[in-house]
Amino acid sequence: MLATHTCKKSLSSSSLLTTTLSRSLTSRTYALSLHKNSSTSSKRTKTSKPSSPINSTSTHNTTSSTSSTTRKTQPTLSNSNLKSLEMSKTLHSLSSQEEALQEHQSIDEYPLTFSERHAISILYHYHQSLIENPSYTLDKFISNYLRANKIGKNNKEVIICACYEIEKLYLLLDYMSKKFNFDEMKEKLEISLDQYINRMNMMKMKELGPSAHLLPKSVTFVEENRKSVLHWRLVFALYKEYFHEQDFEQVVFHSNHADSVFRKIPINVLLSCPAQLFDILCEEYGEEKAIEICLINNSEAPVFGRVNDVKVIIEHKSTTTQQLGSAMTNDESRSDSGFSGSKHENITPKEEVTDILNATSEPNKDLLAPLKKKTRKFLKKLSEKYSEVVGKITPSKLSTFGFRFEKKTDFRQWPEFKEGLFEIQDDSSQYIVDELIRNGALKQITSLKPLVLDYCCGTGGKTFALAGALKGKGQIYMHDIRLEKLSSELKRRAHRLGIENIQPLEHDHSHWEKLKDKMNLVILDVPCTGTGTLRRNVELKYKINYNWIKELTKKQREIIENAIPYVRKGNYLLYSTCSILSKENEDQMDYILKKHKNFELVKEIKTLPLLNGGDGMYGALLRRIH
Ligand SMILES: C[S@@+](CC[C@H](N)C(=O)[O-])C[C@H]1O[C@@H](n2cnc3c(N)ncnc32)[C@H](O)[C@@H]1O
């Protein structure tokens, strides 16, 4: 979700310095304000010696230990003498630090902007928290962090992108930071960190005045974890030096550094791909293809949308679409989306929208062609309104309702998104729904009120993409082991997309028994390694190993066994993953076909992640013969 933010923004762009805090941390501005504000305290501390870069740390340490000692005794500080003693100590150390700071302004070669500091802080804390909670996702961690720190919109995008980019390359950056001699850089970073700590301490002391002994923990925390913070600063500096806003492949294979820096690094580390995963990819695809996949995993993930046919093509009463539609000719606007009037009156005439449900011919891509035409018309209007923000909006060549945004933005704020006229969904995921469900299973189902069970529904991605083909008929049962947690998001999303025929089914629901042998379609979008989506879930690759794959394939088989009894004779089962590993895909198909002789394979699709294209996915449609 967070990954929809742009990564093109420069980490050091001047827009980053717009917050009060970051402005006050810019060395030059800070020195100036210090000069103006500190004349009184300077007078009082004529005797204090200016410190060298090295003893500026010790000055700070003195301050810090004073404040932490004071913190411990704070409850007894009712005596006014004690208070003034404390205050004079604070002012004394404050002014000596000011002098030290002014002297060393020019040395800080690695000053950090507001966003950069937060990005480093996020990565550092995220890696710490993984020790206790290995399944914590970076997405979730960043959301929580940004909310807790009330980070504004402008800074958010830059912080998120920096975190994603660095995490993607972390194996390589970590290796470089440990194996290569970056002593000069390390030394400068150390000075920079000292200066940062000093500045923070002084700012806080000034802010707190007589209560300076209450110096916030965050600053002393940095000191206590100095080594780790320095490590992350080095990782960050290396990222900026070598990879930021540069083509990764060009840098590691073809740049001036390629020979001097990168040649000695093992290939999997160079690609920031853990050894086991790299071996698995090589085994399956050969080394050349494995390298290509890893390079794609290190590239920026494209953003695909899906035009919601439920609202845009089949029926509509949206004011936003009316606005978009008003740019069309009257004829177009009427036939394309029925932009006015009641829901049922506005279902596009049957002859115009292919009736996939009742079609009887063999699967044929052209069946979806009229829908594709309508999709393009809608996208044209969307482009006219937003091209300045998102660049080109290109219709997908693969899926019927899919399109790609050239640039990323916070689409979720657009009225068209809020009204459910489009959804964010990967192109390959849509392609599987088009080919195997819309053009496959649903076309063959004769029931006028089809029953569908989405057994691992998550927040409904696959199901919501097929819902338009049902045109409000039948029933979609939604199940997930985490249903309780997901159900509010599921309902909110369904409501936004205008889908009414869904029914969440709790695990212990009494209906389960009655549903056996009744489903026209069971969808099994099972939990998997996500090896087809690693550029979106950047931390995932570090978790993939043989053991986990073994556990997952076992779990997938259990889910298959649990769900198979619900398929009605003559009807369908869709098995899908966002993995590109045969153990989770073709091997599971072999397992089903061998164990359940009453099923036959109708069609299988596998995609690999593509630069500027869809993710790696697998889908197989099976039919229960008897
Ligand atoms: C790949 S995700 C599904 C994504 C969803 N179909 C979509 O398109 O957005 C897999 C889902 O399987 C669920 N799951 C895991 N174990 C399960 C089980 N034993 N039974 C049912 N669902 C399970 C997970 O909670 C997760 O939401």
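Order of listing sets the numbers, starting from 1, for every ligand and every atom in it.
- From the protein, the heavy atom lying nearest to atom 9 (O) of ligand 1 is Gly461 N, 3.1 Å.
- Ring centers of His127 and Tyr170: under 6.0 Å apart, within the cut-off.
- At least one test fails for Arg438 against the ring of Phe401: distance under 6.0 Å to the centre or angle within 45° of the axis.
- Neither the backbone nor the side chain of Glu558 comes within 4.0 Å of ligand 1, counting heavy atoms alone.
- Under 3.5 Å, the side chains of Ser399 and Asp434 contain no donor-acceptor pair of N or O atoms.
- The aromatic rings of Tyr386 and Trp414 lie parallel to each other, with less than 30° between the two planes, well short of the 60° mark.
- Proximity to Ile559 (heavy-atom distance under 4.0 Å) selects the following atoms of ligand 1: 16 (N), 17 (C), 18 (C), 19 (N).
- In terms of N/O distances under 3.5 Å, ligand 1 is approached by Arg482.
- For Asn585 (side chain) and Tyr618 (main-chain N/O), no donor-acceptor pair under 3.5 Å exists by modelled atom type.
- Protein heavy atom closest to atom 15 (C) of ligand 1, with residue, atom name and distance, is Pro527 CG, 3.5 Å.
- Ring centers of Phe403 and Phe405: under 6.0 Å apart, within the cut-off.
- Heavy-atom contacts of Gly458 reach the following atoms of ligand 1: 27 (O) (cutoff under 4.0 Å).
- Cys456 CB, 3.3 Å is the protein heavy atom nearest to atom 12 (O) of ligand 1.
- Protein heavy atom nearest atom 26 (C) of ligand 1, with residue, atom name and distance: Asp480 OD2, 3.4 Å.
- Side-chain N or O atoms of Glu584 include none that pairs as donor or acceptor with a backbone N or O of Thr553 at under 3.5 Å.
- There is no side-chain donor-acceptor pair under 3.5 Å between Arg404 and Thr394.
- The backbone of Cys457, and not its side chain, has at least one atom closer than 4.0 Å to an atom of ligand 1 (non-hydrogen atoms only; backbone = N, CA, C, O).
- Residue contact annotation: Val526 has a non-hydrogen atom under 4.0 Å from ligand 1.
- Shortest contact from atom 8 (O) of ligand 1 to any protein heavy atom: Lys462 N, 3.0 Å.
- Of the listed options Ile523, Ile481, Asp525, Ile432, Asp525 places a heavy atom closest to atom 2 (S) of ligand 1.
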